[in-house]
There are 2 protein chains.
Amino acid sequence: MPAKKPYHKENLRRDLLEAGRAYIEANGHLGLSIRTLAQQVGVSPGAPYHHFPDRRSFLLALAIDGFKEMLAVSQSIADSTTKPAERLRELGLAFIRFAETYPHLIDLMYESELTSPTLDEELLEFQRVGHDALRRQIAAVVPDLSDQEIDLRTLAYWSAIYGFASMRRKGIIHTSPGAVATVDIAEAIVDRAALSALTS
Amino acid sequence: MPAKKPYHKENLRRDLLEAGRAYIEANGHLGLSIRTLAQQVGVSPGAPYHHFPDRRSFLLALAIDGFKEMLAVSQSIADSTTKPAERLRELGLAFIRFAETYPHLIDLMYESELTSPTLDEELLEFQRVGHDALRRQIAAVVPDLSDQEIDLRTLAYWSAIYGFASMRRKGIIHTSPGAVATVDIAEAIVDRAALSALTS
DNA sequence: CCCTATATCTGATCGTCGATTAGATCAAGC
DNA sequence: GCTTGATCTAATCGACGATCAGATATAGGG
């Protein structure tokens, strides 16, 4: 048994996803090669195609895992907070934190060939879930608004959070010398986003 | 003379950039192939490499052209408006309009291999210029703030504008049935962004 | 225990791409 | 007209995504 190498990998799909996740975390998704990944887990170049129809599908699976992981975090936040305003704030902060922890994964999820030129339908669904979570909190904090108005404010809030996280990832945040800590900046931005969503 | 095809292209660099711009506008930058482009303008596969060291540099040149074009629009707005608050609003709207007119070009400029994993240094410079333009208007509208505070508010404003344009490009804007026109949404978002940048 | 059905992987192959290089071709100045 | 320097051709390399026939392993029924 130790002489002959085992022919099959036990669970190739899982191993590929793990290797892919590790690669992306380290280098981003752009240079990810199915062939190299196959070689890395000790399998022939064609093997992955029995588990994923093409490279895009592989990346999509990784992105979906990322969304699930992120939504799990959101859920735990929703469970551990009580007041809607507090929830709104914590959800915003959580996204920024997640984006900071896994910047390359977020890139894949939000700014990759999976989202442009045309956003993948499956990913769109996850976006809706996240959007709705924010929407619910805003509707709770500021009741008696039309659906349109709530949509607008949700959009304003999410745009600010997403935009900030996106710029942060790219290292575009230029602050004056003597700047505050980045964590504080994130909190300040979230608070200002809430301002734009909840006032008047 | 009409029998023999001319050996050289007159200005290959310019022709390649034009063809590249056209391709990107139609299909996005992801599928852009230097070889295909060369063939399109009637030149051998290796010819482009006498004008651009590699594919990345070619895309970079296209992105820079895009930034210059966008800054020209900004400049004309800065010249044709008087009040800082008005300028701030118009600049925000202009970015959103530009992003809507050339979505794939904006993708290249802000969400491509040129910006992630590491943002190209030349592009960063353009970002600074745009950021400073916004910053100046905000500082004018709300004087007597610390540099830090102005930075923060500029960041809040720009995050919201950029985030909105980014979501819009990806078709993530989900509004309730009976939604207002998208242009109105853009204006509403810009106004809410100003709210978060200028209040309290 | 064997034998068959099915899932999985190998190994070779195709076409495309980015990039490099030697050599051909052109335009300009002496 | 000859030389110099820039520009392009044509051939080539290595890597990649994807496909496919055939080999190999696993599971279930006799």
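All values below were derived from every heavy atom in this structure, side-chain atoms included, with hydrogens, water molecules and symmetry-related copies excluded. Proteins get letters first, then strands, A, B, ... in listed order; numbering begins at 1 in each.
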Does dA6(D) have its OP1 or OP2 closer than 4.0 Å to a side-chain nitrogen or oxygen of His51(B)?
no
Separation of [N] [atom2] from [X] [atom1] (nearest whole Å):
| X | N | atom1 | atom2 | answer |
| --- | --- | --- | --- | --- |
| Asp15(A) | dT8(C) | CG | P | 14 Å |
| Leu12(B) | dA27(C) | CG | P | 15 Å |
| Phe52(B) | dC8(D) | CZ | P | 11 Å |
| His50(A) | dA18(D) | NE2 | C1' | 11 Å |
| Gln40(A) | dC16(D) | CD | P | 11 Å |
| Asn11(B) | dC8(D) | CG | C1' | 14 Å |

Roughly how far, to the nearest 0.5 Å, is the CZ atom of Arg153(A) from the CZ atom of Arg192(B)?
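Between Arg192(B) CZ and Arg153(A) CZ, I get 4.0 Å after rounding to 0.5 Å.
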When you measure from the side chain of His29(A) to the backbone of Ile24(A), do you find a donor-acceptor pair of N or O atoms at a distance under 3.5 Å?
no
So, does Tyr157(A) use its side chain to make a donor-acceptor pair with the main chain of Leu88(A) at under 3.5 Å?
yes
Could you tell me how the ring of Phe58(A) sits relative to the ring of Phe52(A): parallel (under 30°), tilted (30 to 60°) or perpendicular (over 60°)?
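Perpendicular: the ring planes of Phe58(A) and Phe52(A) meet at over 60°.
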In terms of the angle between their ring planes, are Trp158(A) and Phe95(A) parallel, tilted or perpendicular, with boundaries placed at 30° and 60°?
perpendicular
Ignoring hydrogens and angles, write down the donor-acceptor pairs under 3.5 Å from the side chains of residues 60-72 of chain B, residues two or more places apart or on other chains.
residue, atom, partner, partner atom, Å
Glu69(B), OE1, Arg21(B), NH1, 3.0
Glu69(B), OE1, Arg21(B), NH2, 3.2
Glu69(B), OE2, Arg21(B), NH2, 3.4

Once base and sugar-phosphate atoms are separated, protein heavy atoms under 4.0 Å mark nucleotides 13-20 of chain C, 5' to 3', with B, S and - as ----BBBB
